[in-house]
Amino acid sequence: MSIAETMIPPQAPPPAPPKPYTLSRFFGSVFLGVWLALGVGIFLTIANGWDPEKFSRYGPSFLSGLGVTLTLVVSSILMGAVLSFPVALGRMSKNRLWSWLAYAYVYFFRGTPLITQLFLVYYGLGSFRPQLESIGLWWFFRDAWNCALFTFTLNTAAYQAEILRGAIQSVSRGQHEAAAALGLPERVAFFKIILPQAMIVALRPYGNEIILMIKGSAIVAIVTVFDLMGETRRAFSRTFDYQMYVWAAVLYLFMVELLRNIWAWLEARLTRHLKR
């Protein structure tokens, strides 16, 4: 008789012992049931109160506001990216004056609420109308859209500068030494070796910053910019129907989820060479 015939045939693993039904599991089940019931109730309430006439009437306004929101966020992100580069270099500079100015800029815009910054630009600079007119800048700051774009650009530039600075400093010293050993000039080594690696590190924080800007852009409705939230407020003031805010929440959620998936695909695409 062979050894294979005497061996015990493969057996299924024993079943896992049942988990005891503790007090924490009981309260967890109760809370889950409450949340599910609340979600179903909200869905049924919205479904029963659905008004196709309101949707057809205010739907185009919501899409127009969505376009304004996207334009504001994309424009401020791109201009903030350009401004963040010299600020990040200033934060890493050995020149004390430049480093201190960059630090003060980042400290202020990261340490104060975005709505405060918007009020300072929109209402604060409006107090200096004669001075702005004398230098030919009043045409810019009298427009709420321009004030919002200016504020958002300065705000996101501060955050992007810190993201970029941290990403550049995360590149190992060996990369600098290898570039120097090859005789590459510092400028070439920075733009060809250091910066590309830093941008991969900064990719996910950049995505988070864009998402925060999308959600934070709702405050511009306070200064009469008719973005998505501005159109929502105007529609609610005419209908007093809370579903206007539900539609706005769905559109914001759609934007964030779409961006999250695009960013995840982009990150997987650009970092595929790092996976083993």
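Residue numbers start at 1 and run along the sequence shown.
The shortest side-chain heavy-atom distance between Ile200 and Gln197 does not fall under the 4.5 Å cut-off. Within the 4.5 Å cutoff, the side chain of Phe226 has no heavy atoms near those of the Thr232 side chain. Contact check for Thr224 versus Tyr122: side-chain heavy atoms found under the 4.5 Å cut-off. In this structure, the side chains of Met213 and Asn155 come closer than 4.5 Å at one or more pairs of heavy atoms. The shortest side-chain heavy-atom distance between Phe140 and Leu132 does not fall under the 4.5 Å cut-off. In this structure, Phe119 and Val223 have side chains that are in contact, with non-hydrogen atoms separated by less than 4.5 Å.
Note that Arg91 lies outside the cation-pi zone of Tyr103, set by a 6.0 Å cut-off to the ring centre and a 45° limit from the axis.
Checked by atom type, the side-chain pair Glu231/Ser64 shows no donor-acceptor distance below 3.5 Å.
Of the possible polar contacts, one joining the Thr69 side chain to the Leu228 backbone as a donor-acceptor pair under 3.5 Å is found. Put simply, the side chain of Ser93 never gets that close to the backbone of Gly90: no donor and acceptor are under 3.5 Å apart. Of the possible polar contacts, none joining the Ser99 side chain to the Asn95 backbone as a donor-acceptor pair under 3.5 Å is found. For Trp263 (side chain) and Leu203 (main-chain N/O), a donor-acceptor pair under 3.5 Å exists by modelled atom type. In this structure a side-chain-to-backbone donor-acceptor pair under 3.5 Å is present from Ser237 to Arg234. Proximity of a side-chain donor or acceptor of Ser76 to a complementary backbone N or O of Leu72 within less than 3.5 Å is detected.
Across all their heavy atoms, Ala158 and Phe109 have their closest contact at CB-CB, 3.7 Å. Here the closest heavy-atom approach between residue Ala218 and residue Asp227 is recorded as CA-OD2, 3.8 Å. Residues Asn146 and Trp139 approach most closely at ND2-O, 4.2 Å, considering heavy atoms. Residues Leu118 and Val220 approach most closely at CD2-CA, 4.1 Å, considering heavy atoms. Here the shortest heavy-atom pairing between Ala189 and Leu184 reads CB-CB, 4.4 Å. The two atoms that bring Ala198 and Ala167 nearest to each other are O-CB, 3.2 Å, heavy atoms only.
Ile163 CD1 to Met199 CE: the interatomic distance, rounded to the nearest 0.5 Å, is 9.5 Å. With rounding to the nearest 0.5 angstrom, the CG atom of Leu154 is 6.5 Å from the CG atom of Leu83. Atom CD1 of Ile219 sits about 8.5 Å away from atom CD of Gln117, to the nearest 0.5 Å. In this structure, CD1 on Ile77 lies 9.5 Å from OG on Ser84, to the nearest 0.5 angstrom. Here the CD1-CD distance, from Ile193 to Glu186, works out to 12.0 Å after rounding to the nearest 0.5 Å. One finds the CZ atom of Arg260 at 8.0 Å from the CD1 atom of Ile211 (value rounded to the nearest 0.5 Å).
No single ILVMFWY cluster, assembled from side-chain heavy atoms under 4.5 Å apart, contains both Leu253 and Leu63. Note on Val30 and Leu36: separate hydrophobic clusters, where clusters join Ile, Leu, Val, Met, Phe, Trp and Tyr whose side-chain heavy atoms are under 4.5 Å apart, directly or indirectly. Cluster membership check: Met92 shares its hydrophobic cluster with Ile194, using side-chain heavy-atom separations under 4.5 Å among Ile, Leu, Val, Met, Phe, Trp and Tyr. Follow the hydrophobic side-chain contacts under 4.5 Å out from Leu114 and you never reach Tyr107; the two are in separate clusters. Transitive grouping of hydrophobic side chains (ILVMFWY, heavy atoms separated by less than 4.5 Å) keeps Leu195 and Val87 in distinct clusters.
Within the structure, ring-ring contact (aromatic ring centres under 6.0 Å, His included) contacts touching residues 56-102 (residues at least two apart or in different chains) are Phe62-Trp247. Every pair tested for salt bridge (Lys or Arg N to Asp or Glu O under 4.0 Å) that includes a residue from residues 142-154 fails, sequence neighbours excluded, so the list is empty. Within the structure, every pair that satisfies the ring-ring contact (aromatic ring centres under 6.0 Å, His included) test and touches residues 145-169, not counting sequence neighbours, is listed here: Phe141-Phe150.
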Candidate pair Arg187 and Phe190, rule side chain to side chain contact (heavy atoms under 4.5 Å, CB included), full reasoning: CA-CA 5 Å; Arg187 183 182 298 272; Phe190 178 79; 5.8 Å; no
field: Leu89 and Arg165: CA distance, side-chain angles, deciding distance, side chain to side chain contact (heavy atoms under 4.5 Å, CB included) verdict
entry: CA-CA 7 Å; Leu89 294 181; Arg165 179 181 69 88; over 6 Å; no
- prompt: Do Met79 and Thr156 pass the side chain to side chain contact (heavy atoms under 4.5 Å, CB included) test, and can you show the C-alpha distance, the side-chain angles, and the key distance before you say yes or no?
  reply: CA-CA 9 Å; Met79 289 189 291; Thr156 188; over 6 Å; no
message: Show, in sequence, the C-alpha distance, side-chain angles and deciding distance for Lys54 and Met244, and conclude whether the side chain to side chain contact (heavy atoms under 4.5 Å, CB included) test is met.
response: CA-CA 9 Å; Lys54 291 179 182 178; Met244 301 298 167; 4.0 Å; yes
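Here Glu133 pairs with Arg129 in a salt bridge; the nearest charged N to carboxylate O distance falls below 4.0 Å.
Applying the 6.0 Å contact sphere to CZ of Phe128 captures no more than 12 heavy atoms from other residues, nucleotides or ligands. Counting heavy-atom neighbours within 6.0 Å of Tyr245 OH, excluding the residue itself, gives a total above 12.
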